[in-house]
Colleague: 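Below you'll find the structure I mean.
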Amino acid sequence: MREPVLSQAIEDYLKAIHFLHLTEKRVSTSAIAERLGVAQASVTGMIKKMAEMKLVEHSPYQGVELTPAGEKIALEIIRHHRLLELYLAEAMGYSWDKVHDEAEKLEHVISEEFEDKIDEFLGRPTADPHGAPIPTKDGQMPAFQGFALSQAEAGDRVVVRMVSDRDAEKLRYLGKIGLYPNIEIEVIEKAPFNGPVHIRINEVSHYLGRELAEVILVDRIEKSAEGKAQNNS
Ligand SMILES: [Zn+2]
């Protein structure tokens, strides 16, 4: 159960810190400022306030870290966000490039009951329309495997796991070429010196700039022709 008294800004900070911590060991206030598009001075003030509320810990050496209480709230808001995105897409016909902005606002205001109803309505989904895992009700983030398409090698056959939801224009373009989660891609060639990645989707080839290839997370498809036998021992 989450306290209903937190401000929207604090919830956005918690989400940002959670996200940055996935890739950076030490989350700096300047990284938070950049992620949220606010001045560093306001971040410093807010982090101080959040430390007093025991949502974060901050030391020059460790950077900013979420406390277990802060982490719990971050996951709750992320759960709202991803369920809402899927609901908007599945139930209301929103395209995948439009759901993020709506979910950014709604995630702060829906009740636990509303969250449960959406979850039930959608059949207890595990991923949002961009392929991002939905944290469980008890605050577990499902494990995620994948690497950026820009890291794939020529000849790789990969499946799209997740696309970043933050750039609607990129999503519109990728939707146009049919690149969505669970779609298979063949990497034909990777041009040197950060040149484009040449891929094939359903017999059609496309060139993706590295900037675009970086926001697409993929996983290798097993080479085995053994059929159904899954041996993940
Ligand atoms: Zn989103």
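Excluded from the calculations below are hydrogen atoms, water molecules and symmetry mates; all remaining heavy atoms, backbone and side chain alike, are included. Being a predicted model, the structure only gives us computed values, none of them experimental. Counting convention: from 1, in listed order, for ligands and their atoms alike.
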Colleague: Specify whether an N/O/S atom of His130 falls short of 2.8 Å from the Zn ion (ligand 1).
Modeller: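 Within the cut-off used here (under 2.8 Å), His130 places no N, O or S atom near the Zn ion (ligand 1).
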Colleague: Can you name the N, O or S atom of His100 that is closest to the Zn ion (ligand 1)?
Modeller: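 Nearest to the Zn ion (ligand 1) within His100's N, O and S set: ND1.
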Colleague: Check whether any N, O or S atom of Glu85 sits under 2.8 Å from the Zn ion (ligand 1).
Modeller: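 So Glu85 does bind the Zn ion (ligand 1) by this criterion.
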Colleague: Is the number of heavy atoms from other residues, nucleotides or ligands under 6.0 Å of Glu52 CD greater than 12?
Modeller: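 Buried by this count: over 12 neighbours within 6.0 Å.
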Colleague: Please state whether the rings of Trp96 and Tyr180 are parallel, tilted or perpendicular, taking 30° and 60° as the class boundaries.
Modeller: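 Trp96 and Tyr180: tilted rings.
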Colleague: Flag Asp128 as yes if one of its N/O/S atoms falls below 2.8 Å of the Zn ion (ligand 1), otherwise no.
Modeller: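 No, outside the cut-off.
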Colleague: State yes or no: do Phe114 and Tyr94 share one hydrophobic cluster built from I, L, V, M, F, W and Y residues joined by side-chain heavy-atom distances below 4.5 Å, directly or via other members?
Modeller: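 Yes, Phe114 connects to Tyr94 through the hydrophobic network.
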Colleague: Kindly state whether the ring of His100 and the ring of His130 have centres lying under 6.0 angstrom apart.
Modeller: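 His100 vs His130: aromatic centres not under 6.0 Å.
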Colleague: Suppose we only allow N, O or S atoms; which atom of His81 ends up nearest to the Zn ion (ligand 1)?
Modeller: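 Going through the N, O and S atoms of His81 one by one, NE2 ends up nearest to the Zn ion (ligand 1).
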Colleague: Applying salt bridge (Lys or Arg N to Asp or Glu O under 4.0 Å), run through Arg79 and Asp119 and close with a yes or a no.
Modeller: CA-CA 10 Å; Arg79 177 172 164 82; Asp119 186 39; 3.2 Å; yes
Colleague: Can you tell me the N, O or S atom of Asp165 that's nearest the Zn ion (ligand 1)?
Modeller: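 Atom name returned: OD2.
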